[in-house]
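Fair warning: this is a prediction, and the values are worked out from it, not measured in the lab. Whatever order the structure lists ligands and atoms in, that order sets their numbers, starting from 1.
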Amino acid sequence: MEVITSLEMYVADRNAEWLGVPRLVLMENAGAAVARNILKKYPHASRVLAVCGTGDNGGDGYVAVRHLHAAGKEVRVIALGEPREELAARNYQAVKRLWGVEVAVAQSPLELLALQDWLMWADVIIDAVLGTGIRGALREPHATAIELMNIAPAPKVAVDVPSGLDPDTGEVRDKAVKAALTVTFHKAKKGLLAPSAARYVGELVVEPIGIPPEAEVVVGPGDFAYLNFSRRADSKKGDHGRVLVVGGSLEYSGAPVLVAKAALRAGVDLAVVAAPEPAAYAAKAMGPDIIAVPLEGPRLSLKHVDRIASLAERFDVVAIGPGLGTEGETPDAVREIFRRLTGRKPLVADADALKALRGEKAAGITVYTPHAGEFKALTGVDPPHGLRERVEVVRQHASSIGAVILLKGRYDVISDGSRVKVNTTGTPAMTVGGTGDVLTGLVASFLTKTTNPLEAAAVAAFVNGLAGEEAAAQLGFHITASDLLDKIPGVIRKFAREDVTPASSRA
Ligand SMILES: NC(=O)C1=CN([C@@H]2O[C@H](COP(=O)(O)OP(=O)(O)OC[C@H]3O[C@@H](n4cnc5c(N)ncnc54)[C@H](O)[C@@H]3O)[C@@H](O)[C@H]2O)[C@H](O)CC1
Ligand SMILES: [K+]
């Protein structure tokens with residue numbers, strides 16, 4: 001049986017919306033599936049009681065109530081408070097307008113105890129108290145509601161997850177509903193299959209609710225849930241990421257600067273460019289935000305390896321490649337730096353670095369960001385044109401190298417060797433030079449916001465593409481990579497939760 005975690009489910013559900021399937025439709029399908037299963041399993045039950053929490057699990061319960069009412073059942077509802085979120089609230093209001101459906105609001109154990117005869121009245125009880133949104137120890141009146149449902153003789157039908165059970169681990173901290181039937185949605189929540197969960201879950205039915213399979217593959221707004229953009233009130237400089245960019249040469253000085261600026265715009269505190277002297281001085285001249293460390297000579301060479309390796313200690317992520325060129329000792333130096341750092345420091349390798357890394361194995365957190373030509377140089381293989389074949393080739397090479405590969409293209413394909421994501425944002429206007437450097441900076445920045453490199457790369461591709469789309473909406477095919485930089489903050493703020501959390505209690 002295929003399983004899913006509550007976080008993966010959250011992501012899939014937001015991405016379904018992005019793909020054009022509204023969450024209200026998913027909720028409708030979920031509630032209707034619960035009603036259908038009750039009608040099938042308990043055809044002779046005439047009285048149904050739904051106990052609904054204040055979240056979307058309760059929302060599913062209200063939808064089920066509508067459908068059971070329409071099927072001719074006598075229905076009562078105990079609401080543990082008025083729903084706060086829009087979708088559940090809409091379904092709650094719709095239920096209140098039904099003729100003959102009695103709704104009681106019980107917000108305390110005492111108010112629940114006064115409704116005990118309703119629990120005894122029912123032939124079937126719907127448990128729509130808590131689903132994948134359960135956090136921490138049970139609070140009241142939820143704990144009492146669960147206890148009273150378990151005392152009532154009627155069989156319980158759990159919506160998505162028996163309330164009180166951890167959907168990811170199957171653990172029950174305090175108490176949980178002992179269901180006769182659990183109707184879960186899309187895929188089985190992982191915890192439902194834990195051996196210890198069996199006595200709470202009862203019979204398990206998995207119902208599709210209209211989430212397209214693409215919602216688990218395509219990068220969308222849901223994927224931001226893997227990244228932490230919040231800041232503590234007592235944050236200090238450096239807490240939100242330090243990125244070292246190793247790039248540039250006598251010929252190229254702009255590329256590493258674009259990487260650093262993109263990383264800063266995406267929310268790191270510090271981005272430092274380590275570059276051969278001419279590129280470092282040019283970088284400094286490109287603006288007050290850039291700190292540059294000059295490396296003696298016109299290009300990266302073996303004599304710089306020690307310096308870079310010790311410099312890297314002070315950074316959270318190292319991005320290497322843009323503007324380095326492939327002349328002289330540079331490829332040897334890249335390989336040597338890579339060998340020293342891989343497995344020790346999260347790395348992003350791009351552009352000329354990729355050409356030097358053919359045959360190398362990566363360890364720890366490493367992301368490669370090739371375009372088709374660089375992929376060929378890295379692996380010896382031309383990426384196939386068909387998406388399915390492309391996905392498979394990227395997955396195989398990611399697995400054998402031991403890195404996340406982000407293959408740039410019309411659709412970006414991202415894989416860590418087992419999982420695959422596809423990004424569809426972007427525009428042909430982005431074929432201009434430098435947009436890849438911006439992407440590298442985004443990946444580096446996001447590696448400071450998650451321990452999941454696949455998601456860091458996936459969200460980076462998504463943001464980069466949207467920044468390009470927004471720039472092109474104004475400037476058409478006349479954008480430059482710098483235009484993307486200005487769009488990054490707006491794109492991130494549209495999708496990320498950027499709240500300020502309380503200061504730590506430690507001084
Ligand atoms: N993901 C999907 O694709 C769909 C999910 N559906 C249903 O939605 C729930 C998840 O909804 P959510 O609002 O995120 O969470 P819950 O309703 O499970 O709970 C939130 C609710 O409960 C309160 N709460 C949390 N922890 C506790 C606690 N320990 N004690 C007391 N109260 C607690 C919290 O404050 C909120 O008010 C999923 O399971 C599905 O049933 C969709 O309808 C279909 C698509
Ligand atoms: K439930």
Among all protein non-hydrogen atoms, which one is nearest to [atom], and what is the separation to 0.1 Å?
| atom | result |
| --- | --- |
| atom 22 (O) of ligand 1 | Leu130 CD2, 3.2 Å |
| atom 37 (O) of ligand 1 | Thr54 OG1, 2.7 Å |
| atom 9 (C) of ligand 1 | Asn57 N, 3.5 Å |
| atom 18 (O) of ligand 1 | Gly131 N, 2.6 Å |
| atom 3 (O) of ligand 1 | Asp13 CB, 2.9 Å |
| atom 33 (C) of ligand 1 | Arg139 NH2, 3.2 Å |
| atom 41 (O) of ligand 1 | Asp60 OD2, 2.6 Å |
| atom 15 (O) of ligand 1 | Gly133 CA, 3.1 Å |

Just one of Val77, Leu98, Ile78 clears the side-chain contact (heavy atoms from CB on, under 4.5 Å) bar with Val103, so which one? Val77

By number and element, which atoms of ligand 1 are closer than 4.0 Å to a non-hydrogen atom of Leu138? 29 (N), 30 (N)

At a 4.0 Å threshold, what atoms of ligand 1 neighbour a non-hydrogen atom of Ile134?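 Under 4.0 Å from Ile134, ligand 1 has these atoms: 25 (C), 26 (N).
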
Ignoring hydrogens and geometry beyond distance, is a side-chain donor-acceptor pair present between Thr450 and Asn452 at under 3.5 Å?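 Distance-only check fails for Thr450 and Asn452.
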
Under 3.5 Å, is there a donor on one side chain and an acceptor on the other for Glu28 and His67? yes

Geometry at the K ion (ligand 2) - Val161 O versus Leu130 O angle, rounded to 10 degrees: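 Approximately 80° at the metal, rounded to tens of degrees.
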
How wide is the angle at the K ion (ligand 2) between OG of Ser163 and O of Asp127, to the nearest 10°? 100°

Checking only N/O/S atoms, does Val159 have one that is under 3.4 Å from the K ion (ligand 2)? yes

Contact flag Pro162/the K ion (ligand 2), N/O/S atoms, threshold under 3.4 Å: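 No, since none of the N, O or S atoms of Pro162 sits under 3.4 Å from the K ion (ligand 2).
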
Exercise: identify the closest heavy-atom pair between Val463 and Ile488: CG1-CG2, 4.3 Å

Over all atoms of both residues, closest heavy-atom pair of Gly267 and Lys449: O-NZ, 2.9 Å

Are more than 12 heavy atoms from other residues, nucleotides or ligands located less than 6.0 Å from atom CZ of Arg90? no

Tell me if the CZ atom of Arg497 is crowded by more than 12 foreign heavy atoms within 6.0 Å. no

With a 4.0 Å cut-off on heavy atoms, is [X] in contact with ligand 1?
| X | result |
| --- | --- |
| Val161 | no |
| Gly136 | yes |
| Ile211 | yes |

Set out, in order, the CA-CA distance, both residues' side-chain angles and the distance that settles salt bridge (charged side-chain N to carboxylate O under 4.0 Å, His left out) for Glu8 and Lys190, then state yes or no. CA-CA 11 Å; Glu8 286 164 351; Lys190 214 170 158 195; over 6 Å; no

Taking NZ, NE, NH1 and NH2 as the nitrogens, is one of them in [X] or [Y] under 4.0 Å from a carboxylate oxygen of the other?
| X | Y | result |
| --- | --- | --- |
| Arg395 | Glu392 | yes |
| Asp350 | Lys408 | yes |
| Asp223 | Lys421 | yes |
| Glu85 | Arg23 | no |

One residue to check: [X]. Relative to ligand 1, which of side chain, backbone, both or neither has a non-hydrogen atom less than 4.0 Å away?
| X | answer |
| --- | --- |
| Arg84 | side chain |
| Asp56 | both |
| Ala137 | backbone |
| His142 | side chain |
| Ile209 | side chain |
| Asp160 | side chain |

Do any non-hydrogen protein atoms sit less than 4.0 Å from atom 5 (C) of ligand 1? no

Is there a polar contact between ligand 1 and Thr132, counting only N or O atoms under 3.5 Å apart? yes

Just checking His397 against Tyr368, ring centres under 6.0 Å apart? no

Which residues share a salt bridge (charged side-chain N to carboxylate O under 4.0 Å, His left out) with Asp416, sequence neighbours left out: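 Asp416 satisfies salt bridge (charged side-chain N to carboxylate O under 4.0 Å, His left out) with Arg419 once adjacent residues are dropped.
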
Cationic tip of Arg66 above Tyr62 ring, under 6.0 Å, 45° of axis: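 Arg66 over Tyr62 ring: no.
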
